[in-house]
2 protein chains.
Amino acid sequence: MFSQAEENYLKAIYHLESVSKGGINTNAIAKSLATKASSVSDMIKKLSDKEVVLYKKYKGVTLTELGKKTAANIVRKHRLWEVFLVKKLNFSWDEVHDVAEQLEHIKSKKLINQLDALLGFPTHDPHGDPIPDKDGCINAIDKCLLATLKETETGVCVGVNDSSSEFLQFLDKKGITLGKKIEVLEKEDFDDSLSILIDNKKMSISNKIANNLYIRKS
Amino acid sequence: MFSQAEENYLKAIYHLESVSKGGINTNAIAKSLATKASSVSDMIKKLSDKEVVLYKKYKGVTLTELGKKTAANIVRKHRLWEVFLVKKLNFSWDEVHDVAEQLEHIKSKKLINQLDALLGFPTHDPHGDPIPDKDGCINAIDKCLLATLKETETGVCVGVNDSSSEFLQFLDKKGITLGKKIEVLEKEDFDDSLSILIDNKKMSISNKIANNLYIRKS
DNA sequence: AATAAAGTTTAGACTTGTCTAAAAAATTAT
DNA sequence: ATAATTTTTTAGACAAGTCTAAACTTTATT
């Protein structure tokens with residue numbers, strides 16, 4: 001059994017491993033958990049004793065198979081709760097994160113499996129992130145950042161890189177939601193902004209936005 | 001904001017006040033939380049500083065208005081989650097308690113209000129206990145223990161005094177569920193057992209059972 | 001009313017998780 | 001290759017919440 005603090009560390013390491021393969025260093029974990037490197041050092045020793053991470057002093061840390069499975073299960077719970085909040089409780093996609101951070105620590109296998117069934121076994125959360133199955137496997141879809149599309153290419157919005165409520169509300173305001181079809185009309189060399197077509201409307205998108213929106217090319 | 005530990009103490013005091021009016025003593029709290037009197041003493045000082053309880057050394061403790069409201073809100077959350085588990089996730093009434101103990105500490109007003117709406121604003125939990133409203137008011141129904149009924153009196157099962165899964169499973173086995181009509185046929189002076197009629201079936205009920213089942217007389 | 005018993009509080013210790021400050025190791029720059 | 005810088009770890013402290021053991025109040029008994 002893991003404490004909430006331990007679960008948060010596992011989740012952080014899991015997310016860091018998914019973007020930067022190779023041992024995860026102390027500072028990166030500290031930054032992602034808004035804590036201090038010394039606290040990370042302490043906690044990593046505990047996680048190492050519990051055999052969920054491999055750790056060699058000064059050499060960073062990696063999840064063991066048990067660690068990966070444990071972390072994936074927390075992510076699974078987080079994302080299922082997010083779906084629940086949006087689908088059943090009328091939360092908007094920019095409101096779910098903080099509540100799901102709490103709900104992900106609830107311990108009950110039956111609860112999460114029944115929740116999964118109630119929601120119709122969803123495969124992705126409201127931000128387009130895949131939901132790990134009971135064994136921790138994730139079914140990644142082929143996506144790329146909007147910024148990488150070339151002129152005339154088209155695709156469908158399938159996810160976001162930044163889940164902050166500021167960004168999500170911005171997308172709402174622009175009418176950009178998951179499932180919408182986008183065509184790149186023009187790329188501006190000057191500031192890397194894009195001119196896109198969405199809902200038959202032409203709009204201009206900054207590079208920052210294009211670098212935080214995932215597209216499945218079509 | 002209150003910690004989980006603080007919330008558990010408030011809830012315990014709230015429940016104790018509802019049965020034994022007057023200042024609640026340290027040992028009673030310790031017993032109900034399966035902790036030691038010294039821990040209770042420490043915590044009560046903190047709760048007193050936070051102005052949710054009135055406390056005079058050696059004189060027991062009472063909830064302030066703020067304390068009552070806070071505690072009622074936790075009970076509200078607990079009972080709404082129990083309804084959710086039974087109605088939406090197919091839990092049985094003997095499985096919900098431990099999970100609801102965890103869920104009751106989730107902090108989100110929107111979550112609990114939307115949950116209330118999803119469930120159709122239920123007034124009672126799966127054990128027949130009333131659900132406090134947003135202001136902490138509870139709508140108590142007129143109920144009495146089965147053991148207090150006289151011969152030939154009839155009533156409807158509306159609640160249980162003991163929510164342990166052992167007792168609830170026993171009731172399931174006997175076919176006694178909330179809403180069922182019961183008629184007292186005979187009371188045995190020897191062991192205070194009852195002969196009752198339920199679903200047109202005659203059965204014998206021990207005094208222990210009769211003292212843990214609530215009836216609304218009809 | 002004095003004493004015994006029961007209940008309550010305090011003192012000091014322990015665990016978890018955090019922090020700051022300082023020491024040690026690794027990396028980068030010259 | 002040595003010095004400077006960055007990163008990581010350790011040492012020591014703190015807060016929350018708990019415990020045991022001892023001291024102190026209150027209540028019950030005689």
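All chains are named by letter (A, B, ...) in the order of the sequence lines, taking the proteins before the strands, and each is independently numbered beginning at 1.
- Within the 6.0 Å centre-distance limit, the rings of A:H97 and A:H78 are counted as a close aromatic pair.
- When distances are taken from the side chain of A:N27 to each of D:dT7, D:dT20, D:dT26, the shortest belongs to D:dT7.
- The side chain of B:S3 contributes an N or O atom lying less than 4.0 Å from OP1 or OP2 of D:dG17.
- Counting non-hydrogen atoms under 4.0 angstrom, B:A5 reaches the backbone sugars and phosphates but no base.
- Between the NZ atom of B:K59 and the C1' atom of D:dT25 there is a distance of 8 Å, rounded to whole Å.
- The CD-C1' distance, from A:E6 to C:dT18, rounds to 14 Å in whole Å.
- The side chain of B:Y9 places an N or O atom within less than 4.0 Å of a non-bridging phosphate oxygen (OP1 or OP2) of D:dT18.
- Judged purely by distance below 3.5 Å, without hydrogens or angles, the side chains of A:D172 and A:W93 pair a donor atom with an acceptor atom.
- Side-chain N/O atoms of B:Y58 include none lying less than 4.0 angstrom from OP1 or OP2 on D:dA23.
- Between the C1' atom of C:dG12 and the NZ atom of B:K36 lies a distance of 17 Å, rounded to the nearest Å.
- Using a 4.5 Å cut-off on side-chain heavy atoms (C-beta onward), A:C144 and A:K217 make contact.
- Residue B:Y55 places its side chain closer to C:dT9 than to any other of D:dT9, D:dT18, C:dT9.
- Residues from residues 39-53 of chain A with heavy atoms under 4.0 angstrom of DNA chain C, sorted by number: A:S39, A:D42, A:K46.
- B:K57 has a side-chain polar atom (N or O) that falls below the 4.0 Å cut-off from OP1 or OP2 of C:dT10.
- For B:F2 and B:Y9, the ring centers sit 6.0 Å or farther from each other.
- Taking atom CG of residue B:N25 and atom C1' of nucleotide C:dA6, one finds them 11 Å apart after rounding to whole Å.
- Regarding A:Q4, its CD atom lies at a distance of 15 Å from the C1' atom of C:dT18, rounded to whole Å.
- Residue B:K31 contributes atom NZ, which lies 13 Å from atom P of C:dT8 at whole-angstrom precision.
- In this entry the distance linking CD1 of A:I29 with P of C:dT18 reads 13 Å, nearest Å.
- Note on A:S38: a base of the nucleic acid sits closer than 4.0 angstrom, heavy atoms only.
- Between A:K68 and A:E17, none of the side-chain N atoms (NZ, or NE/NH1/NH2) sits under 4.0 Å from a carboxylate O, so this pair counts as no salt bridge.
- At a cut-off of 3.5 Å, with distance as the only test, no side-chain donor of A:H105 or B:Q102 sits close to an acceptor on the other residue.
- The aromatic rings of B:F84 and B:W81 stand perpendicular to each other, their planes meeting at an angle above 60°, with 30° marking the opposite boundary.
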